[in-house]
Chemist: 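Can you keep this structure in mind? I'll have questions shortly.
Any value given below was found using the heavy atoms of this structure, including those in side chains, with hydrogens, waters and symmetry copies removed.
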Amino acid sequence: MYKRTALILVAAVAGLLALSARADFQPKAEQVVDNVYAIVGPLGQRSAENDGLNANFGFVVTPEGVILIDSGASCLGAEKLAAAIAKVTDKPVRWVVNTGSQDHRWLGNDYFAGKGAEVIALARTAATQAEYAEQHMQGMKRFLGERMQGTTPLPASKTLTGDSATLQLGGETLELAYTDAHFPGDAWVWLPKRGVMFSGDLVYVDRILGVLPWSSVSNGHKAFKALAALQPKYIVPGHGRVCDLAQAQRETGDYYDFLANKVGAAAKEMEPLTATLDRYQDMPQFRHLYNYDDLHRANMSRAFTEFESQ
Ligand SMILES: [Zn+2]
């Protein structure tokens, strides 16, 4: 009897520990190559436990300061990213470069700007941030509740014109280019000398990519081909673990091929929507990806609508 009570107690304590571990998600930097780091967030939904850090971030340590790529979804999330960076270097964050306008890409901008960082993005990225700010703040409040306190949406203040732009700091070169895949104005950050690609929400691995009402499958399809042509050695995807081009090809590139070449083609041929979705409901090569059951059908449906009107 005694033993059983003790066991129950141990189980309860273990359960509590697991809970508090979850409640205290701390992002951790992992080295990609010398001075280039990725911070890989959990694959699941935004939550108070993860402070909306359910995406990937990255940073480059240069002699002139740190370049942070994407700033998290809230003030508290940004603070956690800053703590992960501080474990690697005591250099300040000089630049924040945003790859997109979705909440977790930029709602932490204000935190870093308050510490003296300059926030940089391509012009259409910044414009989309301003456009979606209110909607994303409301959405994050639903997920994070009180933990959104102190968060002020700050679209990138230094905007770069043109379809691509090159930045240099402390001997590092960053090339930004539009992908326009997940959100309009999404971009990647490519480090040509390092062979490292921060893809933003163009590449998803481990989980299936999401096609939202404002996403573009044909842009994603095109952008992925352009990414592959650069032959990156390492890809820090928008979501999922750091990967090579082969994995990105299998889990994102092939899926874009499928959406454009099968679903898109059926739409252009004016085949019926439901029959098309039924035909491709079961895709064994993508079924292992997290969120497949929740997103695959809706993804196909949105791809169909997009290609139907082309
Ligand atoms: Zn995302």
Chemist: Would you confirm whether Thr128, through its side chain, and Pro184, through its main-chain N or O, come within 3.5 Å as a donor-acceptor pair?
Modeler: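 Yes: the side chain of Thr128 pairs with the backbone of Pro184.
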Chemist: Is any side-chain heavy atom of Gln45 closer than 4.5 Å to one of Phe143?
Modeler: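 When only atoms from C-beta onward are counted, Gln45 and Phe143 do touch, with a gap below 4.5 Å.
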Chemist: Do Arg297 and Gln281 get their side chains close enough for a donor-acceptor pair, meaning under 3.5 Å?
Modeler: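 There is such a pair (donor and acceptor under 3.5 Å, judged by atom type) between the side chains of Arg297 and Gln281.
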Chemist: Does the side chain to side chain contact (heavy atoms under 4.5 Å, CB included) test come out yes or no for Phe112 and Val119, once each step is laid out?
Modeler: CA-CA 8 Å; Phe112 289 100; Val119 185; 5.7 Å; no
Chemist: In Å and rounded to the nearest 0.5 Å, what is the CZ to CD1 distance from Arg94 to Ile120?
Modeler: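 Reported to 0.5 Å precision, the distance equals 9.0 Å.
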Chemist: Do we see a donor-acceptor contact under 3.5 Å between the side chains of Ser71 and Asn109?
Modeler: yes
Chemist: Side chains of Tyr255 and His296: any donor to acceptor distance under 3.5 Å?
Modeler: yes
Chemist: So, Asp51 versus Ser74: side-chain donor-acceptor pair below 3.5 Å or not?
Modeler: no
Chemist: Ignoring hydrogens and angles, state whether a donor on the side chain of Ser157 or Glu118 is under 3.5 Å from an acceptor on the partner side chain.
Modeler: no
Chemist: Hey, can you tell me if Trp214 and Phe183 have their rings parallel, tilted or perpendicular (30° and 60° cut-offs)?
Modeler: tilted
Chemist: To check you understand the geometry: which heavy-atom pair defines the closest contact between Ala121 and Ala126, and what is its length?
Modeler: CB-N, 4.5 Å
Chemist: So which atom in Met140 and which in Ala73 form the shortest heavy-atom distance, rounded to 0.1 Å?
Modeler: CE-CB, 3.5 Å
Chemist: Give a yes or no answer on whether the side chain of Asp70 reaches the backbone of Phe57 with a donor-acceptor pair at less than 3.5 Å.
Modeler: no
Chemist: Against Phe59, only a single residue in Val66, Asn35, Leu81 fulfils side chain to side chain contact (heavy atoms under 4.5 Å, CB included); can you say which?
Modeler: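 So the option named by the test is Val66.
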Chemist: Can Leu122 and Thr159 be said to form a side chain to side chain contact (heavy atoms under 4.5 Å, CB included), step by step?
Modeler: CA-CA 5 Å; Leu122 289 171; Thr159 56; over 6 Å; no
Chemist: Between Asp201 and His239, is there a side-chain donor-acceptor contact under 3.5 Å, judged purely by atom types and distance?
Modeler: yes
Chemist: Looking only at the side chains, is there a donor atom on one of Gln285 and Asp254 sitting less than 3.5 Å from an acceptor on the other?
Modeler: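 The answer is no; no qualifying pair exists.
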Chemist: Consider only side-chain N and O atoms of His104 and Asn54, and report whether a donor and an acceptor are under 3.5 Å apart.
Modeler: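 Looking only at side-chain atoms, Asn54 and His104 do form a donor-acceptor pair, the distance falling under 3.5 Å.
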Chemist: Tell me whether Met137 is reachable from Tyr111 by hopping between hydrophobic residues (I, L, V, M, F, W, Y) whose side-chain heavy atoms are closer than 4.5 Å.
Modeler: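 No.
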Chemist: For the pair Tyr178 (side chain) and Arg124 (backbone), establish whether a donor and an acceptor sit closer than 3.5 Å, ignoring hydrogens and angles.
Modeler: yes
Chemist: What is the minimum heavy-atom distance between Gly220 and Leu202, and which atoms define it?
Modeler: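 That would be O-CD1, 3.7 Å.
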Chemist: Please report the interatomic distance CG(Leu144) to CD(Glu49), rounded to the nearest 0.5 Å.
Modeler: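 CD of Glu49 is found 9.0 Å from CG of Leu144.
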Chemist: Is a donor on one side and an acceptor on the other found under 3.5 Å between the side chain of Ser215 and the backbone of His182?
Modeler: yes
Chemist: How many angstroms lie between CZ in Arg241 and CD in Glu30, if you round to the nearest 0.5 Å?
Modeler: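 Taking CZ in Arg241 and CD in Glu30, the distance rounds to 10.0 Å.
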Chemist: To check you understand the geometry: which heavy-atom pair defines the closest contact between Pro27 and Leu53, and what is its length?
Modeler: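 For Pro27 and Leu53, the tightest heavy-atom pair comes out as CG-CD1, 3.8 Å.
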Chemist: Look at the aromatic rings of Phe258 and Tyr280 and report parallel, tilted or perpendicular, splitting at 30° and 60°.
Modeler: perpendicular
Chemist: Run the side chain to side chain contact (heavy atoms under 4.5 Å, CB included) check on Trp188 and Met197 step by step: do they pass?
Modeler: CA-CA 7 Å; Trp188 70 42; Met197 169 63 83; 3.5 Å; yes
Chemist: Are the side chain of Ser216 and the backbone of Ala181 linked by a donor-acceptor contact shorter than 3.5 Å?
Modeler: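 No.
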Chemist: When clusters are formed by joining ILVMFWY residues with side-chain heavy atoms under 4.5 Å apart, either directly or through shared neighbours, do Ile235 and Leu191 land in the same one?
Modeler: no
Chemist: Take His221 and Asn261 through the side chain to side chain contact (heavy atoms under 4.5 Å, CB included) test and state the conclusion after the steps.
Modeler: CA-CA 10 Å; His221 189 220; Asn261 299 338; 3.9 Å; yes
Chemist: Is Ile39 reachable from Val61 through a run of I, L, V, M, F, W or Y residues, each pair having side-chain heavy atoms under 4.5 Å apart?
Modeler: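 Cluster IDs for Val61 and Ile39 match.
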Chemist: What distance do Leu43 atom CG and Leu289 atom CG have between them, rounded to the nearest 0.5 Å?
Modeler: 10.0 Å
Chemist: Main chain of Asp294, side chain of Asn291: is a donor-acceptor contact present, judged purely on distance under 3.5 Å?
Modeler: no
Chemist: Indicate if Ile69 and Leu160 have the same hydrophobic cluster label, given that clusters are the connected sets of ILVMFWY residues with side-chain heavy-atom separations under 4.5 angstrom.
Modeler: yes
Chemist: Is a side-chain N or O of Gln129 found less than 3.5 angstrom from the main chain of Gly100, in a donor-acceptor match?
Modeler: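 Yes, the answer is positive, given that a donor and an acceptor are paired below the 3.5 Å cut-off.
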Chemist: State the OG1-CG distance between Thr151 and Asp110, to the nearest 0.5 angstrom.
Modeler: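 Thr151 atom OG1 to Asp110 atom CG measures 8.5 Å (nearest 0.5 Å).
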Chemist: Against the six-membered ring of Tyr234, is Arg194 placed for a cation-pi contact (under 6.0 Å from the centre, within 45° of the normal)?
Modeler: no
Chemist: Please check: side-chain N/O of Lys80 versus main-chain N/O of Phe25, any donor-acceptor pairing under 3.5 Å?
Modeler: yes
Chemist: Determine whether the side chains of Thr62 and Glu172 contain a donor N or O and an acceptor N or O closer than 3.5 Å.
Modeler: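 No, because no side-chain N or O of Thr62 sits under 3.5 Å from a partner of the opposite role on Glu172.
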Chemist: Taking the side chain as every heavy atom from C-beta outward, state whether Lys222 and Tyr256 have any pair of such atoms under 4.5 Å apart.
Modeler: no
Chemist: Among side-chain atoms of Glu175 and Ser164, is any donor-acceptor pair under 3.5 angstrom?
Modeler: no
Chemist: Quick one, Trp190 and Leu174 - any side-chain contact, counting heavy atoms below 4.5 Å?
Modeler: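 No, side chains not in contact.
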Chemist: Tell me whether Glu64 is salt-bridged to Lys91, with the criterion being a basic N under 4.0 Å from an acidic carboxylate O.
Modeler: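 No, Glu64 and Lys91 are not salt-bridged.
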Chemist: Nearest 0.5 Å, what's the CE-NZ distance between Met300 and Lys262?
Modeler: 13.5 Å
Chemist: Would you check if the side chain of Trp95 reaches a backbone N or O of Ile67 as a donor-acceptor pair within less than 3.5 Å?
Modeler: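 Looks like no, no N/O pair under 3.5 Å.
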Chemist: Can you tell me if Glu146 has over 12 outside heavy atoms packed within less than 6.0 Å of its CD?
Modeler: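 Atom CD in Glu146 is not crowded, with 12 or fewer foreign heavy atoms closer than 6.0 Å.
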Chemist: Compare all side-chain heavy atoms of Glu251 with those of Arg207 and state whether any distance is below 4.5 angstrom.
Modeler: no
Chemist: Assigning hydrophobic clusters by single linkage (Ile, Leu, Val, Met, Phe, Trp, Tyr; side-chain heavy-atom cutoff under 4.5 Å), is Val242 placed with Val97?
Modeler: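 Same cluster: Val242 reaches Val97 through Ile, Leu, Val, Met, Phe, Trp or Tyr contacts under 4.5 Å.
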Chemist: Does a side-chain heavy-atom distance below 4.5 Å link Thr99 with Asp186?
Modeler: no
Chemist: Considering non-hydrogen atoms only, spot the tightest contact between Leu259 and Phe307 and give its length.
Modeler: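 In this case the closest contact between Leu259 and Phe307 is O-CE1, 4.5 Å.
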Chemist: Under a 3.5 Å distance rule, please check whether Asn299 uses its side chain to pair with a backbone N or O of Val211 as donor and acceptor.
Modeler: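 Yes, the answer is positive, given that a donor and an acceptor are paired below the 3.5 Å cut-off.
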Chemist: Using a distance-only test with no angle check, is there a side-chain donor-acceptor pair under 3.5 angstrom linking Ser218 and Glu306?
Modeler: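 The criterion, which ignores hydrogens and geometry beyond distance, is satisfied for Glu306 and Ser218.
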Chemist: Report yes if the side chains of Ser199 and Val236 come closer than 4.5 Å at any heavy-atom pair, otherwise no.
Modeler: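 Side-chain contact under 4.5 Å: no.
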Chemist: For residues Thr125 and Asn98, report the shortest heavy-atom separation together with the two atoms involved.
Modeler: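 Smallest heavy-atom distance, with atoms named: CG2-O, 4.2 Å.
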